[in-house]
Enquirer: 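This structure is in structure tokens; I'll ask about it shortly.
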Amino acid sequence: PYTPKEIEPKWQQRWADERVAETDVAAPGQKLYMLNMFPYPSGDLHVGHGRNYILGDALYRYFRMQGRAALNPMGWDAFGLPAENAAIKRGIHPREWTVGNIGRMKKQFGRWGILYDWSKELASCDPEYYRWNQWLFLQLFERGLAYRGKAPVNWCPQDETVLANEQVIDGHCERCDALVEQRELEQWFFKITAFADRLDAGLDTLEHWPEKVKTMQRNWIGRSLGADVDFQVPSLGKTIRIFTTRPDTIYGATFMVLAPEHPDVAALTAQHSDRTAIEQWIDQVRNQTNVERQEAGKEGRFTGRYAINPFTNEEIPIWLGNFVLMQYGTGAIMGVPGHDERDYEFAKQYGLPIRVVIQPRDGSPAEPPFTIKDDSGVAINSGIIDGLPVPQAIETIIKEIERRNIGKGTVRYRLRDWLISRQRYWGTPIPMIFCEQCKWVPVPEDQLPVELPLDVPFTGRQGNPLAKDDRFVNTTCPRCGGPARRETDTMDTFVDSSWYYARFITPRDDAKIFDSRLVNRWLPVDQYIGGIEHAILHLLYARFICRTLHDMGLVAFEEPFTRLFNQGVITKEGYRDPSEGMAWVPLNEVEWRDEMPFKRNTMTPLVPEVGKMSKSRFNVVPPDDLIDRYGADTERVYTLFIAPPEKEAAWSDEGVIGAYRFLARVWHMGEQFTSTELTAHSSQLTGRVVRKMHQTIDGVTRRIEKFEFNTAISALMELSNTIGDALPEGAGDPRVREAYEALLQLLHPFAPHVTEEIWELLGHEGFVLTSRWPVADPALMQEETVTIAVQVNGKLRGQVEVPNPPEEAVVLEAVRGNERVRSWTEGKQVVKTIYVPGKLVNVVVK
RNA sequence: GCGAAAGUGGCGGAAUUGGCAGACGCGCUGGACUUAGGAUCCAGUGGCCUCAGCGCCGUGCGGGUUCGAGUCCCGCCUUUCGCACCA
């Protein structure tokens, strides 16, 4: 019988002992760098996590069988908040907690039969790794790409730290969902905006990235072309600069709106008739978050001042508005209510004039707000650009603006600099020292790493424990030797993950960040696999840091990941506790879930819900029971079979059995082959088996390359069924046995343990992994006979079996109803060749 | 609101190019073997009928192109995801 429980540990041990996945990066060969995004070691893995790693392993084994020198390393994104929270809550040191989790996860990878090159393992919380984070910081600092700046920043009151813009979702903390506050603080930033244009342009070169991810990055970078234009404000004797993407609508600008934070606001309102009221309003809006402002609707106040529209020379009122953002553009806009929805809404509310300056090309009247931007719109009532289609109008007006020296064509980005300071303990210390005399001084390279002290108290109150550790904080200034204080903020953990893929090549190098020669040989990563949740954060930061490494001359490429694949999540039916903040009560989920949707001890009704596996939803499937009962191969095959890998997939406990039965059948067939002598006896079904084998080799190969693992496995099931049909009589037939062995090889990436075991029982030396991937013979792939359906007047009139498929089939005449079909009636009798090898053909005759 | 993707049996999902719709698997029905079956094996399984016929209907809804449409075109509906005052 098929006993995965005995087979699997044996092979896992063998693979580990033989170090089959260890790659010599200096050895020659056609390189292939596979990488799964290194995980945060949060603890136990469930079958949902498994998808990602099983996928990568199947692919890795496939490439190895293709003879590629493939590298498949793994490491740990080991700094981060959960470790610190665990320390506060349970009194375990973050390091201890993290190391324990790493051990459990590593063991789980082993039980899944996943092959990683553990000789290259790294963890970002090790000083030997994070010292290079610090080194990188210093390099960026030297180049002006790391700087300290005061800016309104996102503050999470729950986690007591600042957050990057990328970590704020709808005004809430990405991690704990607390409402994020705006605070004016001095922090460390990386100047990612200096790379906005290159990061945007580079997306076009990423042919093998999902469009979705590229679109998300494009939107995040937010490149827009437009113009800066200066409007005179005679009463102040100065100009105010606005930014617009629609300079072609400038003749329709009937007012101007400034953000309440705009630096000229004070001067503009200084002599306002009701100064107190307007200042009160400004204060109120300033204290609102963007979300609150949006909820309030369009609100504004007239400043009492006017600007001059440089093209109409009209006086236009200057307003303040809650919908204008100081962070984008110049913090001032020209109001064109005829052609912008927001301006239109504002104008309607305050009775400002609306002027139409663009209309549809066909001359039909434009209904404001008419926002067409392509050449189906034409400028009207617009002086020098009258009659021009929008794109030309934009071009012409920008030239005129530049000629008159009142502005220029500009490119603006939505992207803002990356705030990397975190007021937390468990992260890379920022290697900077503050001295009253010399101000901020970088830690000299030879003093790296600045080590994180391990013996600090975790109270969970009053912020970062580092700041209270005098031995850490007090130091001397590297420049003047006077007393100084260390920076106690640590780096965002996304810094750690922005370059780890390069460190894997030479992970133990203690003299430099990595070996450029070898990194240039192995990188970029050929196949990167991970969740879509990193579409912006990690992948954008990594692309940015890669460019900085490129500019330092350390790497020869600008894009770190050639191919990207985002696997979908695995969902399961479960329940959600609608009462937030209630402690989770452990319970016997299975019994409880079926019986009553109430949380034990509380009687809080739970809401049925299908979703991602999580403890709070009571729908986590731990792999252990599953593997004990059916084996890791079953989980692997089921996980890949369940759905296309990029799609969300619903886990079904019943469905698992199908994968198990399949493997058990393959096993059972193996027993028949091992107990039968080869006799050269030919079964009637042999021809069919041989053809099926070649078709399957071809199909599975193509499907793996296209990440269609689900249909690759279904094709293997078909081959298995076809071979099964030829048994037991066929067991002695060498050609049937050949097909069976091909099945084992094709199946190996998905179910490595069972295929290894049978391979050995069949008397082969060595592992399937080191054997070759089979090759299909196209000549033997074709069907022996082709079924031709004959239709008359569109009705099926029978079928014709054609042995030894002809080069072409012949249509005598094609008809539709009583009508001849023209395109089919050229020539005399032979009208159209419609035979396609391997396919059913409809021959239409009269 | 804007943008993108997707709608196929009881379920997960198949279907190079427009060419046998529903592969493969789950579930279900019947049978075999069994003291037993939540094991295994065999058969069946889209719906309908005047129920075995060379039958009718059928891929979200309504049209269109075509000898032929799940697939292409037009218009709706629904769902999911992303963005959301970015001027």
Side-chain angles (χ1 to χ4, degrees), chain A residues 1 170 210-213 215-216 218-220 222-224 226 242-247 249 253 257 259 290-291 293-298 321-325 327-336 339-343 345-346 371 412-416 532 535-536 568 637-638 641-644 647-662 664-665 668 699 702 706 708 710-721 724 787-799 811 813-817 819-821 823-824 832 834 836 838-842 844:
Chain A
D170 292 337
E211 279 307 321
K212 188 181 175 181
V213 174
T215 305
M216 283 169 73
R218 255 183 220 113
N219 291 341
W220 187 262
R223 181 178 197 269
S224 9
I242 60 99
F243 172 69
T244 178
T245 55
R246 292 296 302 273
T249 62
V257 192
N290 279 352
V291 179
R293 292 185 197 189
Q294 201 164 336
E295 276 165 5
K298 300 271 179 301
N322 65 347
F323 67 103
V324 177
L325 306 174
Q327 304 93 317
Y328 185 75
T330 60
I333 61 154
M334 63 179 196
V336 185
H339 306 285
D340 182 282
E341 284 174 31
R342 296 153 300 185
D343 298 350
E345 213 183 303
F346 192 75
T371 57
R412 296 263 178 194
Y413 297 92
R414 201 186 85 120
L415 187 68
R416 282 182 267 157
I532 186 78
I536 293 176
V637 167
Y638 176 67
F641 181 66
I642 185 170
K647 273 191 67 172
E648 186 176 294
W651 185 270
S652 139
D653 291 326
E654 300 81 49
V656 174
I657 194 77
Y660 176 77
R661 283 184 193 143
F662 166 55
R665 272 197 297 270
H668 180 66
R702 280 213 313 264
K706 292 194 293 187
E708 293 171 3
N710 55 328
T711 51
I713 288 172
S714 75
L716 292 173
M717 288 173 171
E718 285 184 53
L719 175 60
S720 157
N721 292 343
T787 308
I788 295 179
V790 180
Q791 295 180 350
V792 177
N793 290 350
K795 300 226 169 190
L796 193 69
R797 280 289 172 265
Q799 298 192 332
V811 175
E813 203 166 0
V815 291
R816 173 175 45 167
E819 230 179 312
R820 280 187 186 173
V821 181
S823 59
W824 289 48
K832 181 121 180 161
I834 56 167
V836 185
K839 211 181 251 181
L840 181 133
V841 181
N842 291 327
V844 184

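Quick note: numbers below take in every heavy atom, side chains included, and nothing from hydrogens, waters or symmetry partners. Residue numbers begin at 1 in each chain, while the letters A, B, ... track the order of the sequences.
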Enquirer: Would you sketch RNA chain B in dot-bracket for me? Only Watson-Crick or G-U wobble pairs with both distances under 3.5 Å count, crossing pairs as [ ], other-strand pairs as |, the rest as dots.
Expert: (((((((..(((......[....)))((((((.......))))))((((...).)))..(((((..]....))))))))))))....

Enquirer: Using O4'-C1'-N9-C4 for purines and O4'-C1'-N1-C2 for pyrimidines, with syn meaning within 90° of 0, is B/rC54 syn or anti?
Expert: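 Here B/rC54 takes the syn form, which means its glycosidic angle is within 90° of 0.
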
Enquirer: Please list, chain by chain and in numerical order, all residues satisfying side chain to side chain contact (heavy atoms under 4.5 Å, CB included) with A/Phe641, sequence neighbours excluded.
Expert: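 For A/Phe641 the side chain to side chain contact (heavy atoms under 4.5 Å, CB included) partners, ignoring immediate neighbours, are A/Ile713, A/Ser714, A/Met717.
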
Enquirer: Listing time: all N or O pairs from protein to nucleotides 9-15 of chain B that are below 3.5 Å?
Expert:
{"from": "B/rG12", "atom 1": "O2'", "to": "A/Ile642", "atom 2": "O", "distance (Å)": "2.5"}
{"from": "B/rA14", "atom 1": "OP1", "to": "A/Asn710", "atom 2": "ND2", "distance (Å)": "3.2"}

Enquirer: Using a 90° cut-off around 0 for syn, call B/rG9 syn or anti.
Expert: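 Syn, angle within 90° of zero.
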
Enquirer: Partners of A/Ile532 by side chain to side chain contact (heavy atoms under 4.5 Å, CB included), sequence neighbours excluded?
Expert: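 A/Ile532 satisfies side chain to side chain contact (heavy atoms under 4.5 Å, CB included) with A/Lys212, A/Val213, A/Ala535, A/Asn566 once adjacent residues are dropped.
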
Enquirer: Is any side-chain nitrogen or oxygen of A/Tyr638 closer than 4.0 Å to OP1 or OP2 of B/rG25?
Expert: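 For B/rG25, OP1/OP2 do not have a side-chain N/O of A/Tyr638 under 4.0 Å.
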
Enquirer: For A/Tyr660, which residues count as a side-chain hydrogen bond (donor to acceptor under 3.5 Å, both in side chains) partner, sequence neighbours excluded?
Expert: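 Checked A/Tyr660 against side-chain hydrogen bond (donor to acceptor under 3.5 Å, both in side chains); zero matches.
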
Enquirer: Taking the C1' atom of each, how far is B/rC56 from B/rC49, in whole Å?
Expert: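 My reading of the C1' atoms in B/rC56 and B/rC49 gives 8 Å.
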
Enquirer: Mind calculating the distance between CG (A/Leu719) and C1' (B/rA23) to the nearest angstrom?
Expert: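 Atom-to-atom, A/Leu719 to B/rA23, this comes out as 15 Å.
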
Enquirer: Restricting to non-hydrogen atoms, name the atom on A/Ala296 and the atom on A/Asn322 that form the minimum distance, rounded to 0.1 Å.
Expert: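 Distance-wise, the nearest heavy atoms are CB-ND2, 4.2 Å.
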
Enquirer: To the nearest Å, how far apart are A/Ile532 CD1 and B/rA4 P?
Expert: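 Taking atom P of B/rA4 as the reference, CD1 of A/Ile532 is at 17 Å.
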
Enquirer: Once you apply a heavy-atom cut-off of 4.0 Å, does A/Ser224 come out as touching a base, just sugar-phosphate, or nothing?
Expert: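 Here A/Ser224 touches the backbone only, sparing every base.
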
Enquirer: Could you tell me the separation between the CE atom of A/Met717 and the C1' atom of B/rG25, rounded to a whole number of Å?
Expert: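 Rounding to the nearest Å, CE of A/Met717 and C1' of B/rG25 are 6 Å apart.
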
Enquirer: Taking atom C1' in both B/rA21 and B/rG46, what distance in whole Å separates the two?
Expert: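 After rounding to an integer number of Å, I get 10 Å for this pair.
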
Enquirer: For A/Lys212 and B/rC81, what is the distance between atoms NZ and P respectively, to the nearest whole Å?
Expert: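 Atom NZ in A/Lys212 sits about 9 Å away from atom P in B/rC81.
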
Enquirer: Evaluate the side-chain proximity of A/Asp340 to A/Met334: yes if any heavy-atom separation is below 4.5 Å, no if none is.
Expert: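 No, their side chains stay 4.5 Å or more apart.
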
Enquirer: Quick one: list whatever passes ring-ring contact (aromatic ring centres under 6.0 Å, His included) with A/Phe662, sequence neighbours left out.
Expert: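 Testing A/Phe662 for ring-ring contact (aromatic ring centres under 6.0 Å, His included), a comparison that skips the adjacent residues, returns none.
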
Enquirer: For B/rC73 and B/rA84, measure between their P atoms and round to the nearest Å.
Expert: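 Rounded to whole Å, the distance is 31 Å.
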
Enquirer: One character per nucleotide, please: for nucleotides 27-46 of chain B, 5' to 3', B when the base has a protein heavy atom closer than 4.0 Å, S when only the sugar-phosphate does, - otherwise.
Expert: S------------SS-----

Enquirer: List the atom of A/Val257, the atom of A/Phe346, and the distance in Å for their closest heavy-atom pair.
Expert: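 Between these two residues, the closest heavy atoms are CG2-CE2, 4.1 Å.
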
Enquirer: Run the side-chain hydrogen bond (donor to acceptor under 3.5 Å, both in side chains) test against A/Thr371 and tell me which residues pass, sequence neighbours left out.
Expert: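 Scan of A/Thr371 (side-chain hydrogen bond (donor to acceptor under 3.5 Å, both in side chains), adjacent residues dropped) gives none.
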
Enquirer: Any base atoms under 4.0 Å from A/Asn721, or only sugar-phosphate, or nothing? Heavy atoms, all strands.
Expert: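 Answer is sugar-phosphate: A/Asn721 comes under 4.0 Å of backbone atoms only.
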
Enquirer: Mind checking if A/Arg702 touches a base, just sugar-phosphate, or nothing, with heavy atoms under 4.0 Å?
Expert: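 The answer is base, as A/Arg702 lies within the cut-off (heavy atoms under 4.0 Å) of a base atom.
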
Enquirer: Could you tell me whether A/Lys298 sits above the aromatic face of A/Phe323, with NZ or CZ closer than 6.0 angstrom to the six-membered ring centre and within 45 degrees of the axis?
Expert: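 Here A/Lys298 passes the 6.0 Å and 45° test against A/Phe323.
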
Enquirer: Output all residues satisfying side chain to side chain contact (heavy atoms under 4.5 Å, CB included) with A/Arg702, sequence neighbours left out; order by chain, then residue number.
Expert: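 With neighbours one apart ignored, the set is A/Asp698.
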
Enquirer: Sticking with atom P, work out how far B/rU71 lies from B/rG18, rounded to a whole angstrom.
Expert: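 Here B/rU71 and B/rG18 have their P atoms 11 Å from each other.
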
Enquirer: Report the residues that fulfil salt bridge (Lys or Arg N to Asp or Glu O under 4.0 Å) with A/Arg414, sequence neighbours left out, ordered by chain and then residue number.
Expert: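 Counting only residues at least two positions away or on another chain, A/Arg414 forms no salt bridge (Lys or Arg N to Asp or Glu O under 4.0 Å).
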
Enquirer: Output one line per pair: protein atom, nucleotide atom from nucleotides 83-85 of chain B, and distance, for all N/O pairs under 3.5 Å.
Expert:
{"from": "B/rA84", "atom 1": "OP1", "to": "A/Arg414", "atom 2": "NH1", "distance (Å)": "2.7"}
{"from": "B/rC85", "atom 1": "OP2", "to": "A/Gln294", "atom 2": "OE1", "distance (Å)": "2.2"}
{"from": "B/rC85", "atom 1": "OP2", "to": "A/Gln294", "atom 2": "NE2", "distance (Å)": "2.8"}
{"from": "B/rC85", "atom 1": "O3'", "to": "A/Arg342", "atom 2": "NH1", "distance (Å)": "2.6"}
{"from": "B/rC85", "atom 1": "O2'", "to": "A/Phe323", "atom 2": "O", "distance (Å)": "3.1"}
{"from": "B/rC85", "atom 1": "O2", "to": "A/Lys298", "atom 2": "NZ", "distance (Å)": "2.4"}
{"from": "B/rC85", "atom 1": "N3", "to": "A/Lys298", "atom 2": "NZ", "distance (Å)": "3.4"}
{"from": "B/rC85", "atom 1": "N4", "to": "A/Arg293", "atom 2": "O", "distance (Å)": "2.7"}
{"from": "B/rC85", "atom 1": "N4", "to": "A/Gln294", "atom 2": "N", "distance (Å)": "2.9"}

Enquirer: Go through the structure and list residues passing salt bridge (Lys or Arg N to Asp or Glu O under 4.0 Å) with A/Arg218, not counting sequence neighbours.
Expert: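 A/Asp204.
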
Enquirer: Report which part of the nucleic acid A/Gly222 touches: base, sugar-phosphate, or nothing (heavy-atom distance under 4.0 Å, all strands).
Expert: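 If one applies the 4.0 Å heavy-atom cut-off, A/Gly222 turns out to touch nothing in the nucleic acid.
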
Enquirer: Can you tell if the side chain of A/Asp343 reaches within under 4.5 Å of the side chain of A/Ile333, non-hydrogen atoms only?
Expert: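 A/Asp343 reaches A/Ile333 side chain to side chain.
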
